[in-house]
Number of protein chains: 2
Amino acid sequence: MERLPSAKIRDSLEQRIVDGELNNKQRLDENELSSFYGVSRTPVREALQRLTESGLAEHLPRRGTFVRSPSLGQLVEMFEVMTELECMAIRLAARRVTIKDIKVLEDDNEICREAVKANDTIKYYEVNSRLHNHIYKMSGNSFLANKTRRLHDRLRPFRRLQLRVRGRMTESMAEHDIILSALKAGDADSAVETMKKHIDIVGVRFNDLVSSFNSISDKNKR
Amino acid sequence: MERLPSAKIRDSLEQRIVDGELNNKQRLDENELSSFYGVSRTPVREALQRLTESGLAEHLPRRGTFVRSPSLGQLVEMFEVMTELECMAIRLAARRVTIKDIKVLEDDNEICREAVKANDTIKYYEVNSRLHNHIYKMSGNSFLANKTRRLHDRLRPFRRLQLRVRGRMTESMAEHDIILSALKAGDADSAVETMKKHIDIVGVRFNDLVSSFNSISDKNKR
DNA sequence: CATGACATTTTTGTATACAAAAAACTGAAC
DNA sequence: GTTCAGTTTTTTGTATACAAAAATGTCATG
């Protein structure tokens with residue numbers, strides 16, 4: 001099953017939007033993108049339709065398609081839902097966790113620990129994502145796993161910036177440790193509670209979120 | 001902001017899929033749809049891209065686009081997530097409910113009660129949807145409200161069939177009453193617990209779900 | 001200089017054209 | 001009758017063409 005140009009363009013644009021290369025409200029010019037990707041307008045338009053459907057872009061009939069980044073308010077809302085989904089996933093995962101799962105999680109967790117020592121936020125975030133994704137799958141609910149992963153991906157730049165807050169990476173690491181031992185002990189409640197603190201930047205570290213948001217939208221203005 | 005043909009076709013197809021007019025695995029033939037809607041393939045293809053992105057269709061490169069209805073297993077997963085989101089919405093709604101909200105909910109609830117008396121499941125489901133949707137909005141989290149409404153819509157045919165199970169409509173009505181009085185009394189926990197029972201067809205009425213599923217997929221085979 | 005009617009250019013949305021891949025058909029060999 | 005190479009037909013994906021709407025530019029009038 002080979003990938004089509006239109007699908008590759010869709011993914012490329014998604015990446016570029018999430019990474020902040022394409023700024024909020026920026027027009028996604030069909031002609032410009034066509035020449036950028038070396039194709040005609042047709043596959044570009046199909047990619048734009050898909051981005052619009054997934055919420056990363058906004059389409060105004062006969063006006064054009066524009067990057068649609070969340071406002072601070074929307075970001076707070078998204079984190080609130082993210083927290084709920086992550087907690088649901090860990091709750092379900094706790095009921096069906098296997099030795100093998102624990103092994104996989106612990107291996108990744110150790111890689112994270114090394115990244116903390118090396119103060120390597122990029123590496124930490126990468127492995128952290130993999131670890132969380134594994135928990136989603138462990139829930140046994142693939143619909144949930146999918147939705148959660150997609151939301152996780154969309155919040156990526158903000159979650160990543162969080163790690164640069166002083167002491168946050170160590171704190172995150174400690175939470176991972178608690179979650180893992182709770183899973184091992186079959187203590188679902190503790191796992192859920194810790195996960196809630198782990199994700200819920202809104203309740204616990206609202207100011208950090210605001211400054212991450214500002215730092216990203218400032219970057220966009222330049 | 002006038003609606004474009006491609007957008008109308010997208011919505012029409014969504015409706016036809018959810019309503020079961022277009023069956024699972026059925027090929028969404030571009031030429032056929034073009035002549036059906038009296039347009040060229042271009043807007044049809046754009047509509048199909050969007051349906052694929054939203055999960056209602058599946059696209060296999062160079063093979064075609066096919067209706068993608070959930071399997072029984074996926075349906076169970078979706079109801080599980082639906083329950084979580086509805087509970088989250090009512091929990092948040094309970095914290096910020098106003099007199100005006102209560103009034104709106106009670107009005108709709110009374111219309112529901114009349115529908116029960118008339119044994120009118122269609123009317124009941126219609127107003128019931130509006131009532132639930134109002135609760136989503138009351139959560140104050142529009143991101144959550146959107147996601148929840150969309151999932152609600154996708155589960156519509158199954159939720160609706162549920163109401164035809166003997167005694168289910170009366171039971172549903174009684175739960176609405178409890179949820180409303182809990183909201184009025186500011187008792188979030190009770191509202192959440194009742195909502196959980198209200199939605200969680202999987203835990204409580206799994207057999208009913210299986211038979212709804214079978215009745216829908218039987219219909220598709222004919 | 002501001003304003004607004006009119007013309008020009010650009011951009012969007014859809015139709016059509018065409019290349020290439022997949023599916024369907026044909027018919028010979030067994 | 002079955003199988004399979006070779007061909008034809010259909011379908012998909014992209015390019016191009018074109019109509020219509022929106023944006024932009026021009027310029028006379030006040």
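Naming: A, B, ... by sequence-line order, numbering from 1 per chain. This structure is a prediction, so every number in the text was calculated from the model and none was measured.
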Under-3.5 Å N/O pairs linking protein and nucleotides 20-22 of chain C:
unit_1: dA22(C); atom_1: O3'; unit_2: R63(B); atom_2: NE; d: 3.4

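- Ion pair R96(A)/D101(A) not flagged as a salt bridge, since none of the NZ, NE, NH1 or NH2 atoms sits closer than 4.0 Å to an Asp/Glu carboxylate oxygen.
- Side chains of Q162(A) and S212(A): a donor on one and an acceptor on the other come within 3.5 Å.
- The nearest whole Å value for the distance from the CD atom in E58(A) to the C1' atom in dT12(C) is 16 Å.
- What separates CZ of R27(A) from P of dT24(D) is a distance of 8 Å, to the nearest Å.
- Protein atom CZ of F66(A) is 11 Å distant from nucleotide atom C1' of dT11(C), rounded to whole Å.
- Within residues 30-41 of chain B, the residues that place at least one heavy atom under 4.0 Å from DNA chain C are, in residue-number order, V39(B), S40(B), R41(B).
- In the model, N128(B) has a side-chain atom that pairs as donor or acceptor with a side-chain atom of H176(B) under 3.5 Å.
- Remark: R156(B) CZ is packed, more than 12 non-hydrogen atoms of other residues, nucleotides or ligands lying under 6.0 Å away.
- The residue among P43(A) and L28(B) whose nearest nucleotide of DNA chain D is located toward the 5' end is L28(B).
- One atom, CD1 of I9(A), and another, C1' of dT14(D), lie 10 Å apart when rounded to the nearest Å.
- R16(B) CZ: more than 12 foreign heavy atoms inside a 6.0 Å radius.
- Contact annotation: H59(B) side-chain N/O to dG13(D) OP1/OP2 distance is under 4.0 Å.
- Across the interface with DNA chain D, nearest-nucleotide mapping of A7(A) and D29(B) shows D29(B) to be the residue nearer the 5′ end.
- L48(A) places its CG atom 13 Å from the C1' atom of dT11(C), with the value rounded to the nearest Å.
- Ion pairing between E14(A) and R50(A) fails under the 4.0 Å rule for side-chain N and carboxylate O.
- Distances shorter than 4.0 Å separate some side-chain N or O of S6(A) from OP1 or OP2 on dT14(D).
- When each of K196(A), K147(A), R159(A) is paired with E86(A), the salt bridge (Lys or Arg N to Asp or Glu O under 4.0 Å) condition holds for R159(A) and for no other.
- The CZ-P distance, from R45(B) to dA15(C), rounds to 14 Å in whole Å.
- Partner R41(A) forms a salt bridge (Lys or Arg N to Asp or Glu O under 4.0 Å) with one of E46(A), E30(A), E32(A) and no other, that one being E30(A).
- Under the 30°/60° scheme for interplanar angles, the aromatic rings of H152(A) and Y125(A) are found to be tilted.
- Rounded to whole Å, the distance from CG on L4(B) to P on dA15(C) is 12 Å.
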